[in-house]
Amino acid sequence: GEQGDVGLQITSTLANTAIDLPAPLGKSAGDKRALSITVNNAAAALQQAVFNYGDQLAGVLLLDTRGSATQLQRGTLTLGGGKAVLRDAAGLLLDGRIETLSLSEWESWLSEPQSGPNIPLRLDLDVGEFEVKDYLLDNLHLAAAAEGRAWRIRVSGESRRGDVDVSRTGREVEKRV
């Protein structure tokens, strides 16, 4: 017979669930945060998954389910309450606006060994306050692309311009401003 258009929708308040990530994505088990995930035509070889995580993060992912493992073809993660829009470029784009971003708080997470496929990751983010290596910078735009285990983050704003190089070597993160 012919396959039907079967969808999947998951919703949760994430009550009693801790998310051990820095702000704005982390939460304690006592806090509630709405999570919704929708996959249309779950039986198709290419599936589009859409999710919202409170007002902090929205995402749209195009997943290829052919073969033995599901693989990300492309996707967008949008911070700050905007709607994620699927782009044409392969890989994963992190965009939107975040009021505060501390590279120091994310350092331990960035230091963790990553497994799985190497997905091209790009950053196109507006930041109210950006902390890197004890420097505080206000009202910036960050544009970056991951190159293997290294990142070059281009920083631009009214009074600041420059690059921040972040490399993962073993279990440490090296930063050069």
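- Both Leu14 and Leu77 belong to a common hydrophobic cluster when Ile, Leu, Val, Met, Phe, Trp and Tyr are linked at side-chain heavy-atom distances under 4.5 angstrom.
- Heavy-atom minimum distance, Val155 versus Leu137: CG1-CD1, 4.3 Å.
- Note on residues 56-82: pairs passing salt bridge (charged side-chain N to carboxylate O under 4.0 Å, His left out), not counting sequence neighbours, are Asp64-Arg66.
- Annotation: side chain of Leu57 is in contact with side chain of Leu25 (closest heavy-atom distance under 4.5 Å).
- In the hydrophobic cluster analysis, where Ile, Leu, Val, Met, Phe, Trp and Tyr join through side-chain heavy atoms closer than 4.5 angstrom, Leu101 is grouped together with Leu140.
- Looking only at side-chain heavy atoms (C-beta outward), Leu35 and Thr11 stay at 4.5 Å or farther from each other.
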May I have the list of side-chain donor-acceptor pairs in residues 82-91 shorter than 3.5 Å, sequence neighbours left out?
{"unit_1": "Arg87", "atom_1": "NH2", "unit_2": "Asp95", "atom_2": "OD2", "d": "3.2"}

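- No continuous path of ILVMFWY side-chain contacts below 4.5 Å connects Leu62 to Val39, so the two sit in separate hydrophobic clusters.
- Using a 3.5 Å distance cut-off with no hydrogens or angles, the side chains of Gln9 and Ser36 do not pair a donor with an acceptor.
- Two different hydrophobic clusters hold Val50 and Leu61 under the rule that ILVMFWY side chains link at heavy-atom gaps under 4.5 Å.
- Looking at residues two or more places apart in sequence or on another chain, you find a side chain to side chain contact (heavy atoms under 4.5 Å, CB included) between Thr70 and Leu63, Thr65.
- Across all non-hydrogen atoms, the minimal contact from Trp106 to Ala23 is NE1-O, 3.6 Å.
- In this structure, Glu105 has no salt bridge (Lys or Arg N to Asp or Glu O under 4.0 Å) partners at least two apart in sequence or on a different chain.
- For Glu99, the side chain to side chain contact (heavy atoms under 4.5 Å, CB included) partners two or more places apart in sequence, or in a different chain, are Arg97.
- Contact annotation: the side chain of Leu72 approaches that of Leu92 to within less than 4.5 Å [non-hydrogen atoms, C-beta and beyond].
- Using a 4.5 Å cut-off between side-chain heavy atoms of Ile, Leu, Val, Met, Phe, Trp and Tyr, with links allowed through other members, Leu93 and Leu79 fall into different hydrophobic clusters.
- Side-chain atoms of Tyr53 do not come within 3.5 Å of backbone N or O of Ala58 as any donor-acceptor pair.
- Listed by first then second residue, pairs satisfying salt bridge (charged side-chain N to carboxylate O under 4.0 Å, His left out) with a partner in residues 30-43 number zero, not counting sequence neighbours.
- Annotation: the span from Ser28 atom OG to Ile19 atom CD1 amounts to 10.5 Å, rounded to 0.5 Å.
- In this structure, OG1 in Thr76 is found 10.0 Å from CG in Asp124, a value given to the nearest 0.5 Å.
- Listed for the Glu131 side chain is a donor-acceptor partner under 3.5 Å among the backbone atoms of Ser104.
- Of all heavy-atom pairs spanning Gly96 and Leu125, the tightest one is O-CD1, 3.4 Å.
- Within the 4.5 Å cutoff, no side-chain heavy atoms of Phe130 are placed close to those of Asn139.
- Using a distance-only test at 3.5 Å, with no hydrogens or angles considered, no donor-acceptor pair links the side chain of Lys27 to the main chain of Leu21.
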